[in-house]
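Quick note on labels: first sequence line is chain A, next is B, and so on, each numbered from 1. Note that the structure is predicted; figures quoted are calculated from it, not measured.
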Number of protein chains: 2
Amino acid sequence: MALSHAIMTALLEENLSGYDLAKKFDMSLGFFWQASHQQIYQELKKMLERGWLSSDTVEQAGKPNKILYALTGDGKSALDDWVVAQTKARSAKEDLYVKLYNIGHCDPEPLIGEIADRQLQCQRQLALYLKIKERHYAEPETLPINRKGIYLALSAGIRQQQMHIDWCDEALELLGALA
Amino acid sequence: MALSHAIMTALLEENLSGYDLAKKFDMSLGFFWQASHQQIYQELKKMLERGWLSSDTVEQAGKPNKILYALTGDGKSALDDWVVAQTKARSAKEDLYVKLYNIGHCDPEPLIGEIADRQLQCQRQLALYLKIKERHYAEPETLPINRKGIYLALSAGIRQQQMHIDWCDEALELLGALA
DNA sequence: TCACCTTATGCAACATTTTGCACATTTTAT
DNA sequence: ATAAAATGTGCAAAATGTTGCATAAGGTGA
C-alpha cells in the first residue's frame, strides 16, 4: 500500500488523469517512486472502489476522452494517516552489489563495463537534478514549507547520485579499469 | 529473477540450508538484498525444479534434519549469464521522499521524528559497516579479486549510510527541528 | 501515403514480495 | 518446572509489480 499514496500525493495540488499521472511518475515524483501506466490505471480503479478518489470524464476536442481523478476526504485522511505512520525502510535491492560478490568467479570485464555505464547515467541524472535545483530551489531557506519538502527530496536525489558517482570512481580504480 | 541469483551467489563458497541462507540474508548479503525465510524456501524449491541446485538431506543429532543445497553446473552458468548481463537500475522506492511532498498539507512533526529515527538507524548501521571494514577490509588494494568485490559492496553501504546521515542533518535543520 | 509519435485507457498472465500461520525439536534462561 | 529462544521447514493468501498485448483518434514527417 504505497503506490496509492504516491498517487494521492500527486493529486494534492491538482486533479490528473491516469495518463497525466504516468507522465508525472516519469518525471519529478518518479525520481523516488517509479510506476508504469498499467500499474497506475489498475491502482486508480481500486482507489475509486475504496472511495479514496472521485472521477470525472472530460470530453476533449480532437483527442480521446480522459478521466480526471480527484482526492476525496477519505483519501486525504488515508494519506495523512500514512504520512504520520512510521514506515520501515525498505531494502535497497541493488543487483550491482550482489554481482560484485561474483567478481572472482567469472569474467570481471562486463561488470566493470556496467559500473562505468552506471556512472554515466548518474552523471546525467545529477546534471538534471542540479538544473532543477538551480532554477526552482536555489534558496531553500526562503521557501514555503511544502516546497521545502520537495526541495529535500531533490537534495536526497542529488546526494544519492553524487555518492554513486564517487563510488563508481573508487570501484573502477580498485578494479584496475583506469590502469 | 534476482533472488535466485542472490541465493546462488551465497552458495558459491559453501553449501547451505534454507535456514543458513536466511541467516546470511539477515547479515552480509542481506545488506544489499533482503529476503524472508519464507521467500527463500519457496525460491529454493523452484530452483531445484529448474536444476540450478542439488539438495542433500543431512540428519543431525539433537536438531531437526536440514537440507543442504549446492550449486549445479546449470546453476553456475545461469549465474554467470546474469552477472555478465546488463541489469537496469531499479527505482529506489523510498517512502520518506514521497512523504516529504506532503509536508505542507499535514502535521510535519511526525515526519520530522521519522527523519530523526532514520538518522539513528543509519548511524548504527554505519558503525557496524565500519567495524567490518576495519577488521577485514582495512587495505583493499592488497585483497584478492573476489574480496575486492565484497569490499566494494561494503564501501557502497558505508557511503550510502554516510550520505543519508548527512541528508538527515540538512533536513532536520531546514525543517527547524534544531531551532 | 505510410509509418511513427502522442494522447488516452485498459486486460490478462505472470512473477515477485509480504504477511500470517503451522509444525517439530532442543537448548537456555527464569 | 515452565517459558522462551534457537534450529529447521513449510503452506496459503494477499498485495505488488512486470510484460505483452489491444484499442482508438489525431498529428507529424519522409
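Considering only the side chain of Lys45(B), dC11(D) comes nearest among dT17(C), dT18(D), dC11(D). The Lys66(B) side chain lies nearest to dT9(D) when the options are dT9(D), dT17(C), dG17(D).
Under the 4.5 Å side-chain criterion, counting only non-hydrogen atoms from C-beta, Asp95(B) is in contact with Trp82(A). Side-chain contact between Leu44(A) and Leu21(A) is present, with heavy atoms from C-beta onward closer than 4.5 Å. Using a 4.5 Å heavy-atom threshold, the side chains of Leu12(B) and Asn146(B) count as separate.
Protein atom CG of Leu44(A) is 14 Å distant from nucleotide atom P of dA8(C), rounded to whole Å. If you measure from atom OH of Tyr41(B) to atom P of dA24(C), you get 16 Å, rounded to the nearest angstrom. Look at CG on Asn65(B): it is 14 Å from C1' on dG10(D), rounded to the nearest Å. Between the NZ atom of Lys23(B) and the P atom of dT9(D) there is a distance of 11 Å, given to the nearest Å. Distance Leu3(B) CG to dT17(C) C1': 10 Å, rounded to the nearest Å. If you take OH of Tyr69(A) and C1' of dA8(C), they are 11 Å apart, rounded to a whole angstrom. Atom C1' of nucleotide dA15(C) and atom CZ of Arg50(B) are separated by 10 Å, given to the nearest angstrom. In this structure, the CD1 atom of Ile40(A) is 15 Å from the P atom of dC11(C), given to the nearest Å.
Minimum interatomic distance between Tyr41(B) and Gly18(B) (heavy atoms only, all atoms of both residues): CE2-CA, 3.7 Å. Smallest separation of non-hydrogen atoms from His37(A) and Ala22(A): CB-CB, 3.9 Å.
Within the structure, ring pair (Phe, Tyr, Trp, His ring centres under 6.0 Å) pairs that include any residue of residues 105-147 of chain A comprise Phe31(A)-Tyr129(A) (at least two apart or interchain).
A donor-acceptor contact under 3.5 angstrom links the side chains of Glu170(B) and Tyr151(A), judged on distance only.
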(request) Please test Ser4(B) against Trp52(B) for side chain to side chain contact (heavy atoms under 4.5 Å, CB included), starting from the C-alpha separation and ending with a verdict. (result) CA-CA 9 Å; Ser4(B) 52; Trp52(B) 287 0; 3.9 Å; yes

(request) Determine, stepwise, if the pair Leu120(B) / Gln123(B) fulfils side chain to side chain contact (heavy atoms under 4.5 Å, CB included). (result) CA-CA 5 Å; Leu120(B) 272 175; Gln123(B) 277 160 350; 3.7 Å; yes

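A heavy-atom distance below 4.0 Å to DNA chain D is reached by none of the residues of residues 8-20 of chain A.
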Write out a two-atom table: protein N or O, nucleotide N or O from nucleotides 19-23 of chain D, distance below 3.5 Å.
| unit_1 | atom_1 | unit_2 | atom_2 | d |
| --- | --- | --- | --- | --- |
| dG20(D) | O6 | Gln38(A) | NE2 | 3.3 |

